[in-house]
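These notes concern the structure reproduced below.
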Amino acid sequence: MAAGEVVDEFGEAVTPARVYRGHMRLYYYRTLPAETRIPFDEELLFQDDHLVVVDKPHFLPVTPSGHYLQETLLVRLKNRLGIAGLSPIHRIDRETAGLVLFSVQAQERAAYQDLFRQREVSKWYEAIAPWRPELTFPRVCTSRIVEGQPFFRQAEVAGVANSETRIELLEVSGPLARYGLSPVTGKKHQLRVHMYALGLPIVNDRVYPPLDPTPEDDYRQPLQLLAKNIAFDDPFTGERRQFSSKRRLEFP
C-alpha cells in the first residue's frame, strides 16, 4: 500500500487510512522475480472511446494469475495503450486464441457484461478435432457442467443442464474435421468439455482427455480452438458491432 501498488476497481490507490467500503474490489499488481516471455504477439483490431478489441494468440492469459503477470493480455495492453482503467468484458482460456473485448471506461463495463449475461452476444468458434462419420451435424449439446478434480478441470454431472453448445461440421480432412461452435451459455471450458463428451477431443487439448500430470506448454502444439467471430449491438453507440479474428486454424 505504501508503494501505491494496491488499487480499487477504478485505479484509485487504497491506503491504510482510506475509509472501508463494503464489496470494494482490490487489486495488487505484484512483482514476480522472473517471468518468461510468451513468444507470440496480440493484434489490436479496433479501438474507440468505449471498446478495445484484440486478436489474442494461443498461450497468453487474459488477466494476471499464478505465475503470469506482465505476460498477460491485460497488462500488455495497458502498457501499450496507456489506458489505466482498461478491463476485460469477458475472457477466453489461456490456451485458446482469438477475440477478446475490453472496456475502456470502468463505468461502462457492466453494461457490456450484461449483454453476455442476457445472451445478446453472438459468438462463433472454430475447432479442429477428430471426424466421426457416425455422428450427424448440426447438433446441440446440453449438459450440467461443474468444477471437477483437480480444480482446473470441469466435469459433466447429472442434473438440470446449465450449458448449451451448437456444433456444425465445416469440412473434413482425412481423420480430422473443422467444426463451428456456437456457445449459447458461457461455462468454463464448455466447448472443450462438450467436444470431448462427443468423443471429439480438440486437437492438442492437454486437459480433455485428462492427463496426469498435465504437461507443460509446448508452443509447437497449440490447442486448435479459435474464438473466430463476435457480434452484438453496442449499448452506448447503438451500432451493430461485428468483429472477426484474422487467425486461422490449420490441419496438422
Side-chain angles (χ1 to χ4, degrees), residues 4-5 7-13 25-30 32 35 37-65 68-126 180-183 186 188 191 219 222-223 225-249:
E5 295 178 341
V7 299
D8 64 14
E9 59 264 47
F10 302 107
E12 184 179 346
R25 181 168 297 193
L26 305 184
Y27 295 87
Y28 166 44
Y29 292 96
R30 67 199 186 284
L32 299 178
E35 191 172 357
R37 170 162 174 81
I38 296 174
F40 307 104
D41 295 321
E42 68 282 357
E43 182 175 357
L44 181 64
L45 298 180
F46 177 84
Q47 180 181 357
D48 68 3
D49 293 337
H50 307 280
L51 280 175
V52 168
V53 181
V54 181
D55 209 349
K56 185 185 85 68
H58 291 102
F59 302 105
L60 184 67
V62 173
T63 56
S65 64
Y68 298 101
L69 178 60
Q70 296 297 327
E71 288 303 294
T72 62
L73 185 57
L74 176 61
V75 175
R76 280 188 181 185
L77 288 175
K78 283 187 173 184
N79 292 336
R80 174 180 175 180
L81 303 177
I83 304 175
L86 196 69
S87 58
I89 296 169
H90 67 121
R91 302 183 189 186
I92 61 176
D93 296 340
R94 181 176 69 86
E95 298 91 344
T96 303
L99 300 176
V100 184
L101 278 57
F102 292 81
S103 174
V104 173
Q105 303 182 47
Q107 67 272 21
E108 295 181 352
R109 183 188 185 204
Y112 284 113
Q113 289 182 318
D114 282 344
L115 297 178
F116 285 85
R117 282 190 287 266
Q118 295 164 8
R119 301 181 183 178
E120 295 178 1
V121 178
S122 174
K123 295 170 288 182
W124 172 267
Y125 289 69
E126 289 188 1
L181 312 175
S182 298
K188 180 180 178 181
L191 303 181
Y219 292 150
L223 175 70
L225 180 61
L226 173 66
K228 185 67 175 179
N229 301 317
I230 195 166
F232 58 93
D233 293 327
D234 193 294
F236 297 100
T237 68
E239 297 177 64
R240 183 63 176 173
R241 304 287 198 183
Q242 295 180 310
F243 303 103
S244 295
S245 169
K246 296 181 181 180
R247 303 177 189 274
R248 177 175 170 81
L249 302 178

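No side-chain heavy atom of Leu77 sits under 4.5 Å from any side-chain heavy atom of Gln47. When side chains are defined from C-beta on, Asp93 does not count as touching Leu223, because their heavy atoms never get closer than 4.5 Å. You'll find the side chain of Phe102 reaches within 4.5 Å of the side chain of Leu74, heavy atoms only.
The local environment of CZ in Arg25 is sparse, with at most 12 non-hydrogen atoms from other residues, nucleotides or ligands closer than 6.0 Å.
Judged by distance alone, with hydrogens and angles left aside, the side-chain atoms of Glu35 form a donor-acceptor pair with the main-chain N or O of Glu71 at under 3.5 Å. Of the possible polar contacts, one joining the Gln105 side chain to the Asp49 backbone as a donor-acceptor pair under 3.5 Å is found. Checked by atom type and distance alone, the side chain of Lys56 pairs as donor or acceptor with a backbone atom of Arg94 at under 3.5 Å. For the pair Lys123 (side chain) and Ala227 (backbone), a donor-acceptor distance under 3.5 Å is absent. Lys228 places a side-chain N or O within donor-acceptor distance of the main-chain N or O of Arg247, the cut-off being under 3.5 Å.
In terms of heavy-atom proximity, Val54 sits nearest to Val52 at CG2-CG1, 3.7 Å. When every heavy atom of Asp234 is checked against every heavy atom of Arg241, the shortest pair comes out as OD2-NE, 3.1 Å. For Ser245 against Leu99, the heavy-atom pair with the smallest separation is N-CD2, 3.7 Å. Heavy-atom minimum distance, Pro61 versus Ile38: CD-CD1, 3.8 Å. The nearest pair of heavy atoms linking Phe40 to Pro57 is CB-CB, 3.6 Å. A pairwise comparison of heavy atoms in Phe236 and Ala111 identifies CZ-CB, 3.6 Å as the closest pair.
With rounding to the nearest 0.5 angstrom, the CD atom of Glu108 is 5.5 Å from the NE2 atom of His50. Note that CG of Leu115 is 12.5 Å distant from OG of Ser122, once rounded to the nearest 0.5 Å. Of the inter-residue distances, the one linking Trp124 atom CH2 with Leu226 atom CG reads 11.5 Å to the nearest 0.5 angstrom. Note that the CZ atom of Arg76 and the CG atom of Leu44 stand 13.5 Å from one another [nearest 0.5 Å]. Distance check: Glu95 CD to Leu225 CG gives 9.5 Å after rounding to the nearest 0.5 Å. Going from atom OH of Tyr125 over to atom CG of Leu249 covers 12.5 Å, rounded to the nearest 0.5 Å.
The aromatic rings of Phe243 and Phe46 sit tilted, their planes meeting at an angle between 30° and 60°. Ring geometry for Phe232 versus Tyr112: interplanar angle over 60°, hence perpendicular rather than tilted (30 to 60°).
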N/O donor to acceptor pairs below 3.5 angstrom from side-chain atoms of residues 80-92, sequence neighbours left out:
unit_1: His90; atom_1: NE2; unit_2: Leu101; atom_2: N; d: 3.0
unit_1: Arg91; atom_1: NH1; unit_2: Thr63; atom_2: OG1; d: 3.1

